[in-house]
Amino acid sequence: MQWTLVIPVKPLARAKSRLSDTAADGLRPGLALAFAQDTVAAALACPAVKDVAVVTDDSLAGRELGTLGAHIVSDEPRGGLNAALAHAASVVRAARPESAVAALNADLPALRPLELARVLDAAAEFPRAFLPDAAAIGTTLLAAREGTELQPAFGTDSRARHRASGAAELVLDSVDSVRQDVDTGADLRAALTLGVGPRTAAQAARLLIPWQ
């Protein structure tokens, strides 16, 4: 099964505020963009991925991620993360109703294409499925097969919310790179230990607080 991934990117100026203990204000937008670039590049290299749609109203993010090969969808609802994801999924399916669609976090800088393929192959066994994050509280991927609505419920305690919505929880070993999103300095250190993409590595080298 080939998937279309929907990846949300918020305005870079407001991104990653919880990294303030690790990255200065002037560095966080560049770090957030690097996360998204490395995530999109890895996703596009995944054999289970047909294409990637990035939903964003940030002009710089749209331009840079479009250069990598992502389709850019404007955040027309401007109603928050879940509204943006539902809108992007509807745009994808308006063009290709048969598409299998998965929402993927934009802050997975250590993402490995083959690990993502394992997750998507497992998700294909269910109408809707999700992968919890490394903290086992949130969600990094929510998948919906053809004919099934995505019904995103990201945000606080999204693992419990997606499970309550009827989505199957994927329990997989050796997919750490798909689970390791980055919200805090500790998350960033964990991602760096896994091995991040080149853009994140270059931005991490500029941090005021050493990560090694």
Side-chain angles (χ1 to χ4, degrees), residues 3 5-10 12 15-23 27-49 51-56 61 64-65 67-70 81 85 102-123 129-143 154 158-159 162 169-212:
W3 295 81
L5 298 189
V6 177
I7 299 179
V9 177
K10 68 167 56 176
L12 298 175
K16 298 302 164 192
S17 59
R18 291 172 62 192
L19 281 172
S20 59
D21 64 340
T22 303
L27 296 179
R28 286 199 300 276
L31 199 57
L33 177 58
F35 293 167
Q37 288 173 305
D38 286 334
T39 300
V40 168
L44 287 168
C46 174
V49 173
D51 53 10
V52 170
V54 170
V55 55
T56 187
E64 293 297 327
L65 298 173
T67 298
L68 292 177
L81 174 59
L85 288 170
L104 182 72
N105 287 9
D107 57 353
L108 298 168
L111 186 63
R112 301 287 188 271
L114 293 182
E115 290 186 17
L116 177 58
R118 284 193 62 220
V119 174
L120 292 171
D121 288 347
F130 73 95
L131 185 73
D133 65 8
I137 296 171
T139 302
T140 57
L141 180 141
L142 173 68
F154 288 87
S158 66
R159 178 189 184 188
H162 283 130
E169 180 171 342
L170 300 174
V171 181
L172 299 170
D173 295 326
S174 303
V175 292
D176 293 347
S177 76
V178 196
R179 300 184 65 202
Q180 188 57 69
D181 55 352
V182 177
D183 289 315
T184 67
D187 294 336
L188 179 55
R189 291 179 180 90
L192 289 163
T193 298
L194 288 174
V196 297
R199 299 164 188 85
T200 300
Q203 289 292 325
R206 302 175 60 203
L207 298 182
L208 299 179
I209 299 175
W211 54 269
Q212 291 182 318

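Worth knowing before you read on, the calculation uses all heavy atoms, side chains too, and leaves out hydrogens, waters and symmetry mates.
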Could you tell me if the side chain of [Y] sits less than 4.5 Å from the side chain of [X], heavy atoms only?
{"X": "Val178", "Y": "Leu111", "value": "yes"}
{"X": "Leu188", "Y": "Leu207", "value": "yes"}
{"X": "Pro198", "Y": "Asp38", "value": "yes"}
{"X": "Ser174", "Y": "Glu115", "value": "no"}
{"X": "Pro47", "Y": "Leu114", "value": "yes"}
{"X": "Thr39", "Y": "Asn105", "value": "no"}
{"X": "Arg189", "Y": "Thr22", "value": "yes"}
{"X": "Thr56", "Y": "Leu65", "value": "no"}

Run the side-chain contact (heavy atoms from CB on, under 4.5 Å) test on Leu31 and Val182 for me, step by step, so that the C-alpha distance in whole Å, both residues' side-chain angles and the decisive distance to 0.1 Å come before the verdict. CA-CA 10 Å; Leu31 199 57; Val182 177; over 6 Å; no
If we ignore hydrogens and angles and just use 3.5 Å, is the side chain of Arg28 paired with the main-chain N or O of Ala23 as donor and acceptor?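 Side chain of Arg28 to backbone of Ala23: a pair is present.
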Check: Arg199 side chain, Ala36 main-chain N or O, donor-acceptor pair, under 3.5 Å: no
How close do [X] and [Y] get, heavy atom to heavy atom, and via which atoms?
{"X": "Val119", "Y": "Leu141", "answer": "CG1-CD2, 4.0 Å"}
{"X": "Pro8", "Y": "Ala106", "answer": "O-CB, 3.2 Å"}
{"X": "Leu44", "Y": "Ala70", "answer": "CD1-N, 4.2 Å"}
{"X": "Pro113", "Y": "Cys46", "answer": "O-SG, 3.4 Å"}
{"X": "Ala15", "Y": "Ala32", "answer": "CB-CB, 3.6 Å"}
{"X": "Gln180", "Y": "Pro109", "answer": "O-CD, 4.4 Å"}

Spacing of [X] atom [atom1] and [Y] atom [atom2] [to the nearest 0.5 Å]:
{"X": "Arg179", "Y": "Leu194", "atom1": "CZ", "atom2": "CG", "value": "11.0 Å"}
{"X": "Leu27", "Y": "Arg206", "atom1": "CG", "atom2": "CZ", "value": "5.0 Å"}
{"X": "Thr200", "Y": "Phe35", "atom1": "OG1", "atom2": "CZ", "value": "5.5 Å"}
{"X": "Leu85", "Y": "Ile7", "atom1": "CG", "atom2": "CD1", "value": "10.5 Å"}

Parallel, tilted or perpendicular: which describes the rings of Phe154 and His162, with under 30° parallel and over 60° perpendicular?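 Plane angle over 60°, so perpendicular.
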With side-chain contact (heavy atoms from CB on, under 4.5 Å) as the test, would you mind laying out the steps for Leu108 and Leu116 before giving the verdict? CA-CA 11 Å; Leu108 298 168; Leu116 177 58; over 6 Å; no
Sequence-distant partners of [X], side-chain hydrogen bond (donor to acceptor under 3.5 Å, both in side chains), two or more places apart:
{"X": "Thr140", "result": "none"}
{"X": "Lys16", "result": "Asp107, Asp183"}
{"X": "Asp121", "result": "none"}

Would you check, one step at a time, whether the test side-chain contact (heavy atoms from CB on, under 4.5 Å) holds for Asp133 with Arg159? CA-CA 8 Å; Asp133 65 8; Arg159 178 189 184 188; over 6 Å; no
